[in-house]
Colleague: 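The structure is given below, and queries will be raised subsequently.
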Amino acid sequence: MDQRLPKEFYTRDVLEVAPALLGKKIIRKGASGHISVHVISETEAYRGTEDKACHASKGKTPRTKIMFETGGILYMYLIYGMYWMMNIVTGSREEPQAVLIRGLMDVSGPGRLTRSLALDGSFNGEDLQFSERIWITGDGDRVEYSTTPRVGIDYAGAHWKMKPWRYVIK
DNA sequence: GTAACGATCCTC
DNA sequence: AGGATCGTTACA
């Protein structure tokens, strides 16, 4: 099986990591030992306390503190009372950043993909270097992608809403 | 305590 | 266009 992406892959700036994750494979190992592989097709970057669309813009809270850790771990949170969002923390410690996984080749939609992979709050803080149930490999199919503004952040104001920080495989 | 609201999705 | 559904957050 392919090698896991190294820690250094995730500790770079989120604006580098988010597009670099396109085409990479999420490996999910279920409780029964069943393994499934999913190619990432769509990501979004959330960057720092100054980014009004980023949860960390409200400062460090019980929910967002995981984003202040060193990159390479998962940040899971519940939205609209029923959908878990899967995010990958990036950057260095005390530099809150995360990549929202918005779509896979076989599933589109951040809520649908976590339901499909059976991911929930118990994965918050999961370390992609050492986890036995989820990790990401980096065999290097280079992919072409396009960028668009991020989705669902009307509240963040025009300046942050227009940033082309959503990355989609062509 | 209390209230408002969301990095969504499905059904009408 | 509207409802589901509840943790997180801000404020009193």
Side-chain angles (χ1 to χ4, degrees), chain A residues 5 9-24 26 28 36 38-128 134 136 143 145-170:
Chain A
L5 289 170
F9 178 90
Y10 302 105
T11 54
R12 293 176 294 160
D13 190 274
V14 68
L15 295 183
E16 291 182 52
V17 180
L21 278 170
L22 295 172
K24 299 292 189 289
I26 297 175
R28 174 77 170 99
S36 56
H38 311 269
V39 178
I40 299 171
S41 64
E42 186 178 339
T43 61
E44 271 180 7
Y46 290 87
R47 188 169 188 269
T49 51
E50 69 275 12
D51 178 4
K52 289 285 184 291
C54 181
H55 290 167
S57 65
K58 304 254 174 80
K60 192 186 287 188
T61 67
R63 177 175 64 152
T64 64
K65 65 180 182 189
I66 201 73
M67 266 199 287
F68 288 75
E69 296 297 319
T70 306
I73 58 180
L74 297 186
Y75 165 46
M76 304 292 302
Y77 69 90
L78 189 65
I79 191 68
Y80 299 115
M82 54 178 83
Y83 296 107
W84 287 101
M85 301 286 103
M86 174 188 177
N87 300 255
I88 298 169
V89 177
T90 67
S92 48
R93 194 175 168 77
E94 298 305 320
E95 185 180 51
Q97 304 183 336
V99 178
L100 170 65
I101 307 301
R102 282 197 68 85
L104 308 171
M105 294 299 281
D106 46 349
V107 193
S108 83
R112 297 164 79 188
L113 78 87
T114 54
R115 192 177 58 188
S116 169
L117 299 197
L119 300 176
D120 58 27
S122 74
F123 284 80
N124 196 44
E126 193 86 356
D127 192 322
L128 295 173
I134 189 168
I136 301 178
V143 299
Y145 64 89
S146 50
T147 62
T148 82
R150 293 174 290 179
V151 173
I153 56 164
D154 288 350
Y155 63 87
H159 175 74
W160 295 104
K161 185 175 159 59
M162 69 187 292
K163 295 265 183 207
W165 289 355
R166 174 167 171 251
Y167 306 89
V168 187
I169 277 190
K170 280 185 178 170

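Chain letters run A, B, ... following the sequence lines, proteins first, then strands; residues in each count from 1.
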Colleague: CD1 of A:Ile79 versus C1' of C:dG7: gap in Å, rounded?
Modeller: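 Interatomic distance, CD1 of A:Ile79 to C1' of C:dG7: 9 Å.
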Colleague: Classify the nucleic acid contact of A:Met85 as base, sugar-phosphate or nothing, counting any heavy atom under 4.0 Å across all strands shown.
Modeller: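 Sugar-phosphate only.
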Colleague: In the structure I gave you, are the side-chain heavy atoms of A:Ile136 and A:Ile88 within less than 4.5 Å of one another anywhere?
Modeller: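 Yes, at least one pair of side-chain atoms sits under 4.5 Å.
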Colleague: Any idea which heavy atoms bring A:Phe123 and A:Ala118 closest together, and the distance?
Modeller: CE1-O, 3.9 Å
Colleague: Extract all donor-acceptor atom pairs below 3.5 Å that involve side chains of residues 10-22 of chain A and protein atoms in other chains or at least two apart in sequence.
Modeller:
from, atom 1, to, atom 2, distance (Å)
A:Thr11, OG1, A:Glu8, O, 3.4
A:Arg12, NE, A:Phe9, O, 3.2
A:Arg12, NH2, A:Phe9, O, 3.4
A:Asp13, OD1, A:Leu15, N, 2.9
A:Asp13, OD1, A:Arg47, NE, 3.1
A:Asp13, OD2, A:Arg47, NE, 3.2
A:Asp13, OD2, A:Arg47, NH2, 2.9
A:Asp13, OD2, A:Gln97, NE2, 3.3

Colleague: Assign A:Gly111 to base, sugar-phosphate, or nothing according to its heavy-atom contacts below 4.0 angstrom with the strands shown.
Modeller: sugar-phosphate
Colleague: Considering every strand shown, what is the Watson-Crick or G-U wobble mate of B:dG1 when both distances are under 3.5 Å?
Modeller: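 C:dC11 is the nucleotide pairing with B:dG1.
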Colleague: From OH of A:Tyr155 over to C1' of B:dA4, roughly how many Å is that when rounded to an integer?
Modeller: 15 Å
Colleague: To the nearest Å, give me how far apart NZ (A:Lys163) and P (B:dA7) are.
Modeller: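 So the two atoms are 19 Å apart, to the nearest Å.
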Colleague: From A:His55 NE2 over to A:Ile79 CD1, what is the distance, rounded to the nearest 0.5 angstrom?
Modeller: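 With rounding to 0.5 Å, NE2 (A:His55) is 6.0 Å from CD1 (A:Ile79).
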Colleague: Specify the separation, in whole Å, of atom OH of A:Tyr80 and atom C1' of C:dG2.
Modeller: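 Taking OH of A:Tyr80 and C1' of C:dG2, I get 13 Å after rounding.
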Colleague: Across all strands shown, which nucleotide pairs with B:dA7 by Watson-Crick or G-U wobble geometry, both distances under 3.5 Å?
Modeller: none
Colleague: Rounding to an integer number of Å, can you tell me how far A:Met82 CE sits from B:dC9 P?
Modeller: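 Between P of B:dC9 and CE of A:Met82: 11 Å.
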Colleague: Could you walk me through whether A:Asn87 and A:Tyr77 pass the side-chain contact (heavy atoms from CB on, under 4.5 Å) test, one step at a time?
Modeller: CA-CA 9 Å; A:Asn87 300 255; A:Tyr77 69 90; 3.4 Å; yes
Colleague: Hey, what are the protein-to-nucleotides 10-12 of chain B N/O distances that come in under 3.5 Å?
Modeller:
from, atom 1, to, atom 2, distance (Å)
B:dC10, OP1, A:Arg115, NH2, 3.3

Colleague: Please evaluate residues A:Arg102 and A:Tyr167 with respect to the criterion side-chain contact (heavy atoms from CB on, under 4.5 Å), reporting the C-alpha separation (whole Å), side-chain torsions for both, the decisive distance (0.1 Å), and the verdict.
Modeller: CA-CA 9 Å; A:Arg102 282 197 68 85; A:Tyr167 306 89; over 6 Å; no
Colleague: Run the side-chain contact (heavy atoms from CB on, under 4.5 Å) check on A:Arg28 and A:Leu119 step by step: do they pass?
Modeller: CA-CA 9 Å; A:Arg28 174 77 170 99; A:Leu119 300 176; 3.6 Å; yes
Colleague: Quick one: do A:Glu44 and A:Arg150 make a salt bridge, cutoff under 4.0 Å?
Modeller: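 A salt bridge is absent here (no side-chain N lies under 4.0 Å from a carboxylate O).
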Colleague: Before you tell me yes or no, could you show the steps for A:Thr148 and A:Arg166 under side-chain hydrogen bond (donor to acceptor under 3.5 Å, both in side chains), namely the whole-Å CA-CA distance, both residues' side-chain angles and the distance that decides it to 0.1 Å?
Modeller: CA-CA 5 Å; A:Thr148 82; A:Arg166 174 167 171 251; 2.9 Å; yes
Colleague: A:Met86 CE to B:dC9 P: how many Å, rounded?
Modeller: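 Result: 15 Å.
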Colleague: In whole Å, I'd like the distance from the CG atom of A:Leu78 to the C1' atom of C:dG7.
Modeller: 6 Å
Colleague: B:dT8 phosphate, OP1 or OP2: any side-chain N/O from A:Arg102 under 4.0 angstrom?
Modeller: yes
Colleague: Quick test: give all pairs of protein nitrogen or oxygen and nucleotides 8-12 of chain C nitrogen or oxygen below 3.5 Å, distance rounded to 0.1 Å.
Modeller:
from, atom 1, to, atom 2, distance (Å)
C:dT8, O3', A:Arg63, NE, 3.2
C:dT9, OP1, A:Thr61, OG1, 2.3

Colleague: Which whole-number value in Å describes the distance from A:Tyr77 OH to C:dC6 C1'?
Modeller: 15 Å
Colleague: Kindly confirm whether the side-chain ring of A:Tyr46 is stacked on the base of B:dA7, judged by centres under 5.5 Å and planes under 30°.
Modeller: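 The ring of A:Tyr46 is stacked on B:dA7.
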Colleague: Tell me, do A:Ile101 and A:His38 make a side-chain contact under 4.5 Å, heavy atoms counted?
Modeller: no
Colleague: Categorize A:Leu100 for me: base, sugar-phosphate, or nothing, with a 4.0 angstrom heavy-atom threshold over every strand shown.
Modeller: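 Touches a base.
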